[in-house]
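Heads up, the thing below is written out as structure tokens.
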Amino acid sequence: MPTIVLNESHAAKSFSEGNIIHETEMKRAQDWIDSQLAEVDSLGKNPPYSAEVQARTITILGSRGSGKTSFMRSLMTRYQEKGVQIIQLIDPTLIEEKGHPFLIILSELNRLVRAQLDKEDNVSRRPTASREACWERALEKLAEGLPSLEPIGTNYAQWEDAEYVLEKGLSRVASARGLAENFHALLGLALDILDKRAFLIALDDIDIDFLKGWPVLETLRRYLQTPLLITLLSGDLRLYSKAIRKQQWKNFGKALLKNEAEGLQRMADYDALVTDMEGQYLQKVIPSLYRIHLGSLQEKRQRPGGIQDIKVSSDEENTQPAEPIEDLYRDRLVRLGIGNRSSQEPYLSFLLSLPLRTQIRLLSALENPGRYGGETPWLDILLSELYVLRVDVDLIRSAPASLLQEMLRYLQRHELLGRAYLFQPSLQSAKYDAGLFALSTTYAQYSSQAPYLFFEYLIRIGLPYLLDADNLLADSTKSGAPTRYFSLETLLDYALAPGQSLTDACGSITAYLYALDEGAGTRRAAEAFRNGLGVLGLKGLASVGRRSGAVNEDRIDHVLRDEDPYIRNVAYLPVTIARGQRKQGTNPSASFYRLLAAIGELLKKYKLELEGRADVDEAEGVQRIASWLRERGALSSYTIPDPRNARSSQVGPDDSEEENEGAGGPVTGRAQELLTALYRWLRDFPRDLAFPPHLVGRIVSRLQRGQMDIPRTNLGEWMHRNVILFFNAVLIEVNAEEASPVGLNKNNATGGDKIFLDNLRKYPNEAAIPELARWMFRCPLLCVFLDPNVPFTLQNEDSVVSAHRFLFNPLSKVLPSGDDSSNTEEVAGVMTDNHEVEGLIDMTKGEVLWPNMDTLFSRLEREGIRLVPPEFNTSPDLKRLPFVDWGGAFKYKRMQTVWDQYRSRHPEILDETQGEGVLREGEAGA
């Protein structure tokens, strides 16, 4: 049963039988070696040389760190006791510049023989002298052909002067041609002196250095094809391929490649020739019949029997029982909050696909984090891959709060948002999966001490993903193409820049959604479209318009005018205002994601400023929270960007829409009860409870799928439905991640509370509701929006903060925009909805007519304006639009063009004067 002893496995070494990971491959190599030894035994110690001998080089192939060196050392140890003379393992990367692999092998042979002769000399001098003389003659005969060897270093030609080489040249030509035969004879003589069956030589990692690796391959091909020598060769087949191709291209010469391949555009022909020669050369030197591939543990896991017999122990004395490596990894993943076996699978596959050396170092670091790598050792172990992927590891370590920014940049940089927003290493790409694994596990590790990362992920990655999933982000690969959408890169700069708060990010994204109204087709469709992304349009503020009386009764600032200032701050947390570029038009709306963003910011504030502060008691903590809420609960406006000119779009909030009258005073009454409960909730977050990014990502996806179906009756009901939908999504996904046996109804709770409440009741008294869900259910800033009549209780507890559910009733009086004609007023004969003139749309010339037509139609939809068919010989309502400049000459012709386009987009319009024009006499023509 193979056991990986961590303390003993950091360097390559030989392993005893039964304790090597690649035991099946080892048996195959032993069969080949035994076969060759049997042949040598049948031929005798001095078999005749044959130039037709088949290459039998045993090649151990694998990636760096896969265990090739240990595999060869284990083979060498096993055959050292079977009458095989081991030649010291040769690493060509350690060969000096003037060294040649063939000379190194000769030197090692000579050392072994001299040592044996010296040993015999101590017993009997006469036989030794005769054998030594034979050895000297054999060496001299072989040495005559050595100058023909292709040198490694550039100074090889200086070994002998020109006259000496010329004088001995003719005799050495014959010696050079017989070098392989003389080497074969030398091996036979050496075996006779050493009284061994055969030699075994191992050449390690010759693929690393192309300059030195090529002479080794040539030495194998020319001189080492003899049955007296068992040759082991290790490396990466991909690098062998590169080294051989490099030499084959070099053989063509620059002139031929320039004149024919490039000049005659025949490079593909030469490439095919190189590929063919590469394949044939590989078969000659490292034949496919004798290749061993050291696969990863993940490959072995797919085979019958799996890897359950491969265990890990921390030390050789086994003071702690060895544990199966797969179970060890699963245990570590559970500590990171990845408890579901299906969720563990991509992480497990990635880990087991790593080279053995990398896994050993990772397991050692996890076993002893104080000694190796701290709490995130994978950042060190995968450092090279992360640098190539441009992940700022130093920033992640020094400023964990920047992790989400780095994660989003990673998705944007490599265009992985749609495929990898869950950050599971499942792309089947070793490069990208390394980044996903490192960032995902780092997030999970940090989350146990920083619960605000839940909301950071939800906003900074969840919202961009939802926009991308709804095709509301432009394809960044089509640079220069006209588009009315932001690319992800632009969205990052506009709404998710470093240092921008979560609430400001939500406000900017909401403003961006208002810029996309033209894609919704109609105003009502635009409202539904935003509702599907957690945004509910509200009627204009009473304090901004010049309205009075009953017309203000369903507007949020009027409804909340008499509330406690701190309660009003809480009610305003989801509210944001999108403002036109010129700041005349305002679009109030409620964003459920902005409420979640505010909760995340409060958690972060508490973590960074209050946690562990012995000098801050509960009363002072409540006052600080009140101050934070006063800042976050102010109504802020965000400029609606122009997607066609995104770089000039203003970032962040413009200003506050109203003063916080009464805010800043003492916290009393219901506000004090609510903020005290909030302080305790922040203080009592579950320590050491980790959650992975894919859990939050699945909650976001489930939440968004249900938001489209939430009725838009009033703000109170809408917020209640969002909170229940969110609670149900959290419960379902956390329950699944923890592999709980409780079977839940996985439908979304959009039309009522029954699904969620039934799911809660499925937990028996002895089973705990998942801790993350339980903690989230107690959040006062969420429960304050719930309907007080809903019997929402946790097991063995009273109704969850039922005393604090006092915003549902007042907010139920706030109606969404676009659903009540009483919210409209007539301006210059045009029906509008709280929108003032934003500036004239230029339609004065033919060249601007078509580019500005979409802008005009978007404005009509946003203002709720529906054009009516023109009567005979009169213009349509177009001429009465106060925000359009039609110019002078031929304006009716331009109006007719716009009307025709408008009618084609609105087939429901019945044109009673179909076929009649609107041109006045005297204005026909171009």
Side-chain angles (χ1 to χ4, degrees), residues 20-40 50-76 79 89-90 92 101 180 198-210 213-249 251 271-300 302-303 353 355-356:
I20 187 168
I21 300 296
H22 306 287
E23 192 64 45
T24 302
E25 292 82 357
M26 177 66 70
K27 291 178 180 178
R28 194 187 320 153
Q30 287 179 290
D31 288 342
W32 294 337
I33 295 175
D34 290 341
S35 175
Q36 186 169 342
L37 287 175
E39 180 182 343
V40 171
S50 172
E52 305 299 326
V53 67
Q54 179 187 7
R56 296 184 182 181
T57 302
I58 298 174
T59 312
I60 296 91
L61 300 170
S63 60
R64 307 265 75 77
S66 58
K68 301 184 297 296
T69 304
S70 294
F71 186 92
M72 290 196 300
R73 288 187 182 277
S74 299
L75 268 177
M76 295 165 73
Y79 280 92
L89 186 142
I90 296 175
F199 285 102
L200 189 152
I201 185 172
L203 302 169
D204 193 21
D205 285 337
I206 75 162
D207 55 337
I208 295 295
D209 191 330
F210 286 2
W214 176 254
V216 175
L217 291 176
E218 282 293 274
T219 299
L220 275 172
R221 183 179 67 87
R222 294 178 180 178
Y223 313 121
L224 305 187
Q225 306 300 340
T226 167
L228 302 179
L229 181 64
I230 301 167
T231 307
L232 305 179
L233 181 72
S234 75
D236 190 324
L237 192 60
R238 296 169 299 179
L239 292 177
Y240 283 135
S241 172
K242 299 296 183 184
I244 295 169
R245 291 181 68 86
K246 176 186 176 182
Q247 189 65 33
Q248 299 300 343
W249 280 108
N251 291 342
D271 182 66
L273 286 173
V274 168
T275 301
D276 183 60
M277 290 187 290
E278 171 206 346
Q280 295 304 314
Y281 188 92
L282 283 172
Q283 287 295 340
K284 285 184 179 180
V285 179
I286 47 177
S288 57
L289 293 176
Y290 295 96
R291 294 177 190 172
I292 290 177
H293 295 266
L294 298 186
S296 66
L297 293 183
Q298 175 62 15
E299 293 177 45
K300 295 181 180 297
Q302 309 302 321
R303 300 172 187 168
S353 297
L356 268 176

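Treat the numbers as computed from the prediction; the structure is a model and nothing was measured. When a residue number appears, it is its place in the shown sequence, counting from 1.
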Does atom CZ of Arg238 have more than 12 heavy-atom neighbours, drawn from other residues, nucleotides or ligands, at distances under 6.0 Å? no
Report the residue from Thr226, Leu220, Thr219 that forms a side chain to side chain contact (heavy atoms under 4.5 Å, CB included) with Tyr223. Thr219
Side-chain touch Leu233/Tyr290, heavy atoms, less than 4.5 angstrom: no
What closest approach, in Å, do His22 and Gly295 show between heavy atoms, and which atom pair accounts for it? CE1-O, 3.3 Å
Nearest heavy atoms of Ala55 and Pro287, plus distance in Å: O-CG, 3.4 Å
If you apply the rule side-chain hydrogen bond (donor to acceptor under 3.5 Å, both in side chains), what do you find for Asp204 with Ser234, and how did you get there? CA-CA 5 Å; Asp204 193 21; Ser234 75; 2.5 Å; yes
Can you find a pair of side-chain heavy atoms, one from Thr59 and one from Val285, that are under 4.5 Å apart? no
State, with a plain yes or no, whether a side-chain heavy atom of Leu297 is found less than 4.5 Å away from one of Leu356. yes
Output yes when a side-chain donor or acceptor of Ser70 lies under 3.5 Å from a complementary backbone atom of Gly67, and no otherwise. no
Output the distance between atom OG1 (Thr57) and atom CD1 (Ile230), rounded to the nearest 0.5 Å. 11.5 Å
Sorted by chain and residue number, the salt bridge (charged side-chain N to carboxylate O under 4.0 Å, His left out) partners of Arg28 (sequence neighbours excluded) come out as none
Check whether any side-chain heavy atom of Phe71 lies under 4.5 Å from a side-chain heavy atom of Ile20, and answer yes or no. yes
Side-chain donor/acceptor of Arg291 to backbone N/O of Ile286, under 3.5 Å: yes
Determine the minimum heavy-atom distance between Met72 and Ala202, stating which atoms define it. SD-CB, 4.0 Å
Here the pair of heavy atoms bringing Ser63 nearest to Asp236 is CA-OD2, 3.9 Å
Does this structure show an ion pair linking Lys68 with Glu25, if we count only N-O contacts that are shorter than 4.0 Å? no
Distance from Leu273 atom CG to Trp249 atom CH2, nearest 0.5 Å? 8.5 Å
Do Gln283 and Ser288 have side-chain heavy atoms sitting under 4.5 Å apart? yes
If you measure from the Lys or Arg side-chain nitrogens to the Asp or Glu carboxylate oxygens, is any gap between Arg245 and Asp271 under 4.0 Å? yes
Gap separating the CG atom of Leu217 from the CG atom of Leu203, nearest 0.5 angstrom: 9.5 Å
Would you say Leu200 and Met76 make side-chain contact, with heavy atoms under 4.5 Å? yes
Answer with yes or no whether the side chains of Tyr281 and Glu218 bring together a donor and an acceptor at under 3.5 Å. yes
I'd like to know if the side chain of Gln248 and the backbone of Glu278 have a donor-acceptor N/O pair within less than 3.5 Å. no
Kindly give the heavy-atom pair with the smallest separation between Leu75 and Ala29, and that separation in Å. CD1-CB, 3.9 Å
Check salt bridge (charged side-chain N to carboxylate O under 4.0 Å, His left out) between Asp34 and all other residues, then give those that pass, not counting sequence neighbours. none
Are Leu232 and Ile201 side-chain neighbours, meaning at least one heavy-atom pair lies under 4.5 Å? no
Charged N to carboxylate O under 4.0 angstrom, Lys300 versus Glu23? no
With side chain to side chain contact (heavy atoms under 4.5 Å, CB included) as the test, would you mind laying out the steps for Leu294 and Leu61 before giving the verdict? CA-CA 6 Å; Leu294 298 186; Leu61 300 170; over 6 Å; no
Mark yes or no for whether Tyr79, through its side chain, and Gln30, through its backbone, hold a donor-acceptor pair below 3.5 Å. yes
Between Gln36 and Asp31, is there a donor-acceptor pair closer than 3.5 Å when you use the side chain of the first and the backbone of the second? no
pair Ile58-Thr231: side-chain heavy atoms closer than 4.5 Å: no
